[in-house]
Amino acid sequence: MKKLTLSQKAGLLSVGLLAVILLVWQLATLPEAKGVAADVDPEYAALMGGGTSTAASSFPTPAAMAQTVWDKLSDPFYDNGPNDKGIGIQLAYSLARVLGGFVLAAVVAIPLGFAIGNSRVFYQALNPYVQLLKPISPLAWMPLALYTIKDASASAIFVIFICSLWPMLINTAHGVANVRKDWLDVSRTLEVNPLRKAFRVILPAAAPTILTGMRISMGIAWLVIVAAEMLVGGTGIGYFVWNEWNNLSITNVLFAIFMIGVVGMALDSLFGVLSKRVAYQE
Amino acid sequence: MTTPVTHPFLQVENLARAYPSPSGGDAVTVFDHVNFRIHKGEFVCVTGHSGCGKSTILNILAGLDSATTGNVFMDGREVSGPSLDRGVIFQSHALMPWLTVLQNVEFAVKSRWPNWNKQKVREHAMRYIELVGLKGAEHKKPSQLSGGMKQRVGIARAFSIEPKMLLMDEPFGALDALTRGVIQDELLKICAETQQTVFMITHDVDEAILLSDKIMLMSNGPHARIAEIVNNTLPRPRERSAIHKQPHYYPIRNHLVDFLVSRSKQFGALRDAPDAPSSPTVFDPDDLLEPFELTQPESVVVPVPPIGKPHIHLVNA
């Protein structure tokens with residue numbers, strides 16, 4: 001028999017694991033076998049909180065779930081008013097907010113990180129602020145944002161901005177401060193002007209570290225947007241989850257959780273690809 | 001090979017470097033009273049034990065470091081910072097790993113001549129890549145090259161800016177002996193072609209003899225100085241395979257090795273003596289030939305055990 005490669009083995013194991021999960025899920029969501037004696041009046045049983053009407057839990061079976069996923073994904077962009085939008089639209093709202101906050105954060109964090117990484121004075125002056133602000137949960141800023149910005153959607157973007165800022169700032173500063181002295185010496189002996197040095201030497205040298213910071217930021221932003229949208233409401237995947245919870249539609253909540261995972265994974269692998277692009281081997 | 005001109009190309013006057021002591025006491029003077037001159041087209045090697053400040057001197061010449069006291073003049077102007085006039089070859093090759101071989105050299109060429117167009121920069125860079133025998137590898141990244149090839153790129157990069165002077169800090173220290181030999185031969189060839197003025201640090205006595213016109217020997221730090229200068233008059237062109245058959249080869253080599261083994265340590269005591277010479281002793285190979293034979297028996301003298309002290313015999317412990 002042919003030996004399986006490592007990835008074939010891993011693939012088989014993954015599929016096996018999926019089968020086990022689905023099986024357990026299926027077993028756990030089987031309609032309760034007539035828990036009530038057959039001779040009891042169904043109406044009475046219903047009154048007592050038993051009987052066939054409640055036997056099917058609101059937790060869907062895998063088959064029902066698959067049906068929902070299929071239905072939702074086959075028409076992702078419908079819009080039937082504020083409380084009934086396709087998953088595509090909700091995700092697009094969330095992604096737009098994340099992207100907005102993230103880009104704003106990058107615009108601030110990367111130049112500032114450059115300055116901090118280049119100057120010990122800057123580093124020491126700003127370090128206490130960074131250390132103080134970094135551990136604050138981004139959601140703690142929400143009331144302040146709502147009060148000052150007076151716009152729910154912009155407040156969500158602000159929260160994303162705040163949470164994306166720190167990893168990018170710290171990693172950029174760290175990457176810039178740790179550019180190998182040899183490369184800086186080379187550019188000094190070649191009398192490279194500061195701007196060219198920044199873009200041709202320091203930026204490429206620090207790019208892997210900066211991109212790691214961006215990747216961490218994006219991960220955190222995607223975590224935070226769900227919570228932020230639950231608070232601000234209106235649109236977005238976070239709002240969708242909370243709305244479906246209020247509708248007691250566990251199926252839709254599960255579907256949303258699944259989609260949050262899928263999009264998060266896609267974003268992370270996007271940054272994985274970008275990281276590979278700028279990586280260099282010494 | 002070169003006719004000495006009246007005013008030296010590079011002049012180092014009374015250079016000293018002190019570092020603040022880590023324990024907070026008096027500053028530690030690594031070297032002081034360092035004086036030497038290098039003429040145009042000369043190849044000068046410096047050797048000495050680790051910690052004598054060779055690399056610091058090189059960095060000061062490069063403008064990457066500054067002296068505590070003293071001055072460096074090149075071509076009549078004081079060296080006050082890094083300059084394209086002085087190319088540096090780093091021991092760690094210092095190539096930028098995200099650029100290809102060609103891009104690394106082009107980066108230097110473009111720094112030297114910012115107004116050149118792409119085509120001209122590329123042609124110029126390629127000429128130097130060919131010079132070090134790396135044609136065909138120009139689109140490789142440094143990580144795909146062997147240590148020797150990386151150092152060749154470093155050499156190509158340094159030569160490509162056509163500096164007035166080349167500074168090399170143990171450029172071949174990290175290479176295996178075979179590769180080192182090949183690259184030394186290439187360097188010898190390129191230097192002969194370009195009449196490059198070179199200041200090079202090396203720990204390798206044979207390398208110094210093969211490449212240099214003048215070998216400066218530094219005593220041990222702290223308070224290191226240039227203790228001796230050996231004029232290496234072995235005829236050029238030199239061949240690795242034949243150089244050891246030159247009559248002056250072994251006297252020079254022995255003189256250098258003796259210095260590194262013993263005299264470099266003794267120099268400290270000699271320096272503080274009241275009649276100490278204020279400038280390094282200059283040796284010519286002809287001087288070395290005679291006294292070398294004479295001093296040989298002297299070193300065999302066995303010190304007489306001090307009288308009046310009993311010899312201790314360890315019989316049974």
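Quick note on labels: first sequence line is chain A, next is B, and so on, each numbered from 1. Worth saying up front: this structure is predicted, and the values here are computed from it rather than measured.
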Fill in: Under 4.5 Å from a heavy atom of chain A, the part of B:L95 involved
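When you check distances to chain A, only backbone atoms of B:L95 fall under 4.5 Å.
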Worksheet item: Where on B:I161 is there a heavy atom nearer than 4.5 Å to chain A: the side chain, the backbone, both, or neither?
Response: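 Side chain only.
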Worksheet item: Got a sec: does the CZ of A:F258 have more than 12 other heavy atoms crowding it under 6.0 Å?
Response: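 Incorrect, the count does not exceed 12.
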Residue [X] versus chain B: region with a heavy atom under 4.5 Å:
{"X": "A:A207", "value": "neither"}
{"X": "A:V278", "value": "neither"}
{"X": "A:V186", "value": "both"}

Polar pairs (donor with acceptor) under 3.5 Å from chain B to chain A:
unit_1	atom_1	unit_2	atom_2	d
B:L84	N	A:E191	OE2	2.6
B:S92	OG	A:D182	OD2	2.4
B:L95	O	A:W183	NE1	2.9
B:F107	O	A:R196	NH2	3.4
B:S111	OG	A:R196	NH1	2.9

Worksheet item: Residues in salt bridge (charged side-chain N to carboxylate O under 4.0 Å, His left out) with B:E123, at least two apart?
Response: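 Salt bridge (charged side-chain N to carboxylate O under 4.0 Å, His left out) check on B:E123 returns nothing, list empty.
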Fill in: Residues that A:L104 engages under side chain to side chain contact (heavy atoms under 4.5 Å, CB included), provided they are two or more places apart
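A:I157, A:F161.
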Fill in: Residues forming a side chain to side chain contact (heavy atoms under 4.5 Å, CB included) with A:A92, sequence neighbours excluded
none
